[in-house]
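Notes follow the structure.
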Amino acid sequence: MTRPVNDTLLRALMREPTDYTPLWLMRQAGRYLPEYRASRATAGSFMDLCRNAAFATEVTLQPLDRFPLDAAILFSDILTVPDAMGLGLSFAEGEGPRFARPLRDEAAIRALEAAPMEKLDYVFNAVSSIRRALDNRVPLIGFSGSPFTLACYMIEGRGSDDFRHIKGLMYSRPDLLHHILDVNARSVTAYLNQQIEHGAQAVMVFDTWGGVLSGTAYREFSLAYMRRIVAGLKREHEGQRVPVVLFTKGGGQWLVDMADTGCDALGLDWTVDPAQARALVGSRVSLQGNMDPGSLMGSAEGVATEAQRVLEAFGPAPGHVFNLGHGISQHTPPENVATLVEVVHRHSRKLREAAGA
Ligand code: CP3
């Protein structure tokens, strides 16, 4: 298969030298862009955007048409997988996700089965359609939620600030939680492999809530299942390596264990010190991150200063993909993103030249 004309992201994820630091932004297609809000109004709702390949393609490309980003990310959501298991996903306007049938009793948990991939055809069609529209400009990133993070929404039925239902289950019936996580891990592995078959050129696993666990619980209930996914993924497609990125928000203290899964790169949130992270993992993995999304709420000068600080903290050695430490806020002024992209490209070239790289 043809490599993208701009393959800087794929090279950086494999720790190969690049002329500059590539960047993309978590949630780069979203509500901070007026053209996204217009598309969503035309489509009807967020899930209508996801379920229609033409709309999903349109909104995936919107941030790339505005800014010279180095990657596209599939427009979809992590909660498509439990929805395909029959839990009944909805997004009410101005609220977060809701499941109509959360997993709250043993019978429901025992009845849970791996997501039938046919029910996710709309996602795979979107992947194919986005690849055609990208025409090899930049690589396309596929993604899924981690088994644990999916389980949080499946059991709580919505977002949570105390995770009392899933923790209640974890500390009373760990066998039942393990059953859910096993089903999720098998579903996510099949789901990501299908995305790869349809043209995703790198994949990322979002473990947004692993950081709410103790170290012991993290290893048993989140990391163990991500390790199984990494082991089950197609790492090469049509002669090209498909890099795998793991991201546990709040997981800075477990980076060595995460690198041990055999993934290619780790996402870092903004609480992690890049030099310390590099010292911990050595040259085994690439690192992706980790500017505070809140720093995009300030002035253009503030954005430039912070972007340069982050680049200098990672240093000019190969193996850094610039990103935010979590998703971009819907309140971000788009012009600050333009500044960010320009500064990251320009300053990272300068740092490499100065280092003689
Ligand atoms: O990065 C991208 O541009 C790709 C698209 C993407 C979305 N969700 C679109 C989206 C990705 C990678 C996700 C992942 C996702 N979804 C995660 C993991 C990453 C993270 O942010 O921690 C999680 C936890 C979810 C679940 C989810 N989806 C929540 C909690 C919400 C509501 C909160 C919010 O920001 O609205 C969503 C909705 C969602 N997913 C939106 C988008 C663009 C906003 C929907 C809208 O337009 O109203």
Side-chain angles (χ1 to χ4, degrees), residues 9 23-51 55-67 69 71-83 87 89-99 123 126-127 130 138 140-154 156-161 163 188 191-192 195 200 202-212 222 226 245-251 267-270 288-289 293 321 323-332 337:
L9 173 95
L23 92 159
W24 67 279
L25 304 174
M26 286 192 248
R27 299 270 185 110
Q28 64 190 25
R31 285 164 295 183
Y32 74 105
L33 293 176
E35 57 271 34
Y36 170 84
R37 296 195 297 268
S39 299
R40 194 181 60 177
T42 309
S45 72
F46 168 65
M47 282 310 290
D48 290 325
L49 289 177
C50 296
R51 289 206 173 98
F55 277 124
T57 303
E58 176 180 305
V59 296
T60 299
L61 295 191
Q62 284 170 347
L64 294 151
D65 291 341
R66 258 192 195 247
F67 317 114
L69 293 156
I73 177 161
L74 163 68
F75 189 83
S76 191
D77 199 79
I78 64 168
L79 301 178
T80 54
V81 169
D83 185 49
L87 272 63
L89 175 65
S90 63
F91 284 91
E93 187 63 47
E95 288 175 36
R98 293 275 184 281
F99 281 112
V123 178
V127 171
I130 295 163
V138 291
L140 174 64
I141 303 168
F143 71 91
S144 89
S146 74
F148 177 75
T149 291
L150 294 179
C152 288
Y153 289 99
M154 293 161 74
E156 301 297 332
R158 53 167 73 190
S160 174
D161 47 25
F163 299 94
V188 165
Y191 183 57
L192 289 177
Q195 291 184 30
V203 292
M204 174 154 169
V205 179
F206 287 91
D207 185 27
T208 306
W209 300 119
V212 305
S222 183
M226 292 201 284
V245 187
L246 297 186
F247 171 59
T248 294
K249 183 164 176 282
L268 305 181
D269 68 34
W270 64 93
Q288 177 175 279
V321 172
N323 206 318
L324 303 177
H326 197 206
I328 191 167
S329 156
Q330 59 172 310
H331 305 292
T332 303
V337 177

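The figures that follow rest on heavy atoms only: side chains count, while hydrogens, waters and symmetry mates do not. Just so you know, ligand 1 is whichever comes first in the structure, and atom 1 is the first atom listed for that ligand.
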(request) Give the single entry among F46, F206, Y153 that approaches atom 42 (C) of ligand 1 most closely by any heavy atom. (result) F46
(message) Quick test of your reading of the structure: of M47, Q28, R27, whose heavy atom lies closest to atom 21 (O) of ligand 1?
(response) R27
(message) Centroid separation under 6.0 Å, is that true for the rings of F143 and F206?
(response) yes
(request) Examine F46 together with Y36 and report whether their ring centres are nearer than 6.0 Å. (result)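 Ring centroids of F46 and Y36 are no less than 6.0 Å from each other.
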Measure from the side-chain N and O atoms of [X] to the backbone N and O of [Y], and report whether any donor-acceptor pair falls under 3.5 Å.
X    : Y    : value
Q62  : E35  : yes
D269 : G250 : yes
D207 : F148 : no

Write out the residue and atom name of the closest protein heavy atom to [atom], then the distance separating them to 0.1 Å.
atom                    : value
atom 38 (C) of ligand 1 : F91 CE2, 3.4 Å
atom 11 (C) of ligand 1 : F143 CZ, 3.6 Å
atom 28 (N) of ligand 1 : D77 OD1, 2.7 Å
atom 17 (C) of ligand 1 : I78 CD1, 3.7 Å
atom 47 (O) of ligand 1 : Y36 OH, 2.5 Å
atom 35 (O) of ligand 1 : R31 NH2, 2.7 Å

(message) What's the separation between atom CD1 in I328 and atom CG in L33, rounded to the nearest 0.5 Å?
(response) 7.5 Å
(request) With rounding to the nearest 0.5 Å, note down the distance linking CD in Q28 to CZ in R66. (result)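 Between atom CD of Q28 and atom CZ of R66 there are 13.0 Å.
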(request) Please step through side chain to side chain contact (heavy atoms under 4.5 Å, CB included) for the pair F163 and C152, ending with a clear verdict. (result) CA-CA 7 Å; F163 299 94; C152 288; 3.9 Å; yes
(message) With a 6.0 Å cut-off (strictly less than), is the heavy-atom count around CZ of R158, excluding the residue itself, greater than 12?
(response)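 Atom CZ in R158 is not crowded, with 12 or fewer foreign heavy atoms closer than 6.0 Å.
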Any heavy atom of [X] sitting closer than 4.0 Å to ligand 1?
X    : answer
E95  : no
F247 : no
L74  : yes
G327 : no

(message) For L74, run the side-chain contact (heavy atoms from CB on, under 4.5 Å) check against I141, V123, V203 and tell me which one passes.
(response) V123
(message) Among V245, L192, I78, T248, exactly one meets side-chain contact (heavy atoms from CB on, under 4.5 Å) together with V205. Which residue is that?
(response) L192
Under 4.0 Å from a heavy atom of [X]: which atoms of ligand 1 are those, numbered in the order shown and with their elements?
X    : answer
M26  : 1 (O)
S76  : 5 (C), 6 (C), 7 (C), 8 (N), 9 (C)
R40  : 46 (C), 47 (O), 48 (O)
T208 : 18 (C), 19 (C), 20 (C), 22 (O), 24 (C)
F75  : 43 (C)
P97  : 29 (C), 30 (C), 31 (C), 32 (C)

(message) For the 3.5 Å polar cut-off, considering only N or O atoms, please tell me whether H326 and ligand 1 meet it.
(response)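 The answer is yes, given that H326 and ligand 1 share an N or O pair closer than 3.5 Å.
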(message) Checking the N or O distance criterion of under 3.5 Å, is ligand 1 in contact with A29?
(response)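 Yes, at least one N or O pair falls under 3.5 Å.
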(message) Can you give me the closest heavy-atom contact between V138 and L69, atom names plus distance?
(response) CG1-O, 3.7 Å
